[in-house]
Amino acid sequence: MLGRAPRPWNPVVAWLRAADDPYLFYSASLVPIVVLVALIDERSGDFPTAIVLGGATLVAQAALGYLGRRRRLRSRLGWQLLRLLPPLLFVAVASRLIGGPSLPLLALYIPIVAAAAAAGTPEGAIAAGLAVLVGIAPELVGLGLTSELALRGVALASVTLV
């Protein structure tokens, strides 16, 4: 047989490679915030929801990181935008399900957009647009019903776009 012999899987090496993935890193940094809000809020179902959503997000990011490393897709704009979807979806779902009607997790869109902007101008602009669309669109639909939340959403959206 020609070529290298397959190496056994080493969990330490796998962990170090995952630690080099900035998308996985900032996705993982969002999970404890959501879990903490779920613990403080003490609404039934918030904590398990936070754990399940956080775990699914990290698994999705780790899988995308693995696929990107194997196919060398890191520099393509479409691939970078795909890597932004798990944290955006995580915050979109978590902000609606965890923390109650005051939506305290809406602020988590800001670090996602900042991380995307660090990757490049197109990534930042697209992430900001998606965050605004997903973050405040539901509030603007019922503007008369939840005007306080809509105002908070508009302020957060403006900061996110800046």
Side-chain angles (χ1 to χ4, degrees), residues 11 14-69 74 78-120 123-143 145-162:
W15 175 256
L16 291 174
R17 283 187 184 157
D20 284 344
D21 184 352
Y23 293 98
L24 181 60
F25 177 77
Y26 73 75
S27 294
S29 69
L30 298 173
V31 173
I33 297 167
V34 172
V35 170
L36 182 62
V37 168
L39 284 172
I40 292 171
D41 189 42
E42 295 181 348
R43 290 178 38 206
S44 66
D46 275 5
F47 182 73
T49 302
I51 296 297
V52 169
L53 287 174
T57 300
L58 295 180
V59 167
Q61 274 297 33
L64 288 172
Y66 179 75
L67 290 173
R69 183 176 295 114
R74 290 182 183 189
W79 180 253
Q80 291 174 347
L81 293 174
L82 181 64
R83 293 296 307 271
L84 292 170
L85 282 180
L88 279 171
L89 292 174
F90 172 62
V91 171
V93 173
S95 66
R96 299 296 167 184
L97 298 179
I98 298 168
S102 65
L103 304 175
L105 296 175
L106 281 179
L108 291 181
Y109 284 113
I110 295 171
I112 294 170
V113 173
E123 293 89 337
I126 292 170
L130 285 173
V132 168
L133 181 68
V134 172
I136 68 162
E139 302 310 323
L140 294 178
V141 169
L143 190 59
L145 300 175
T146 58
S147 59
E148 187 176 311
L149 289 176
L151 290 174
R152 181 181 307 152
V154 169
L156 282 171
S158 300
V159 169
T160 300
L161 289 173
V162 169

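From a predicted model like this one, the values you see are computed outputs, not experimental measurements. Positions are given from 1 along the sequence.
- Every residue meeting the side-chain contact (heavy atoms from CB on, under 4.5 Å) condition with Ile40, not counting sequence neighbours, appears here in chain and number order: Leu36.
- Contacts classified as salt bridge (charged side-chain N to carboxylate O under 4.0 Å, His left out) and involving residues 42-64 (residues at least two apart or in different chains) are given here: Asp41-Arg43.
- Remark: of the listed residues Leu53, Leu58, Ile51, Leu58 is the sole one forming a side-chain contact (heavy atoms from CB on, under 4.5 Å) with Val31.
- A side chain to side chain donor-acceptor pair (under 3.5 Å) check over residues 27-36, counting only residues at least two apart or in different chains, returns the pairs Ser27-Gln61.
- Taking 4.5 Å as the limit, some side-chain heavy atom of Leu88 sits within range of a side-chain heavy atom of Tyr109.
- For Tyr26, the ring pair (Phe, Tyr, Trp, His ring centres under 6.0 Å) partners two or more places apart in sequence, or in a different chain, are Tyr23.
- Residues forming a side-chain contact (heavy atoms from CB on, under 4.5 Å) with Leu82 (at least two apart in sequence, or on another chain): Leu64, Trp79, Leu85.
- Residues that satisfy the side-chain contact (heavy atoms from CB on, under 4.5 Å) test with Leu30, not counting sequence neighbours, are Pro87, Phe90, Val91, Leu108, Pro111, Ile112.
- In this structure Thr57 satisfies the side-chain hydrogen bond (donor to acceptor under 3.5 Å, both in side chains) test with no other residue, sequence neighbours excluded.
- Here Ile126 contributes atom CD1 and Leu81 contributes atom CG; the two are 4.5 Å apart, rounded to the nearest 0.5 Å.
- Here Val37 pairs with Ile98, Pro104, Leu105 under the side-chain contact (heavy atoms from CB on, under 4.5 Å) rule; sequence neighbours left out.
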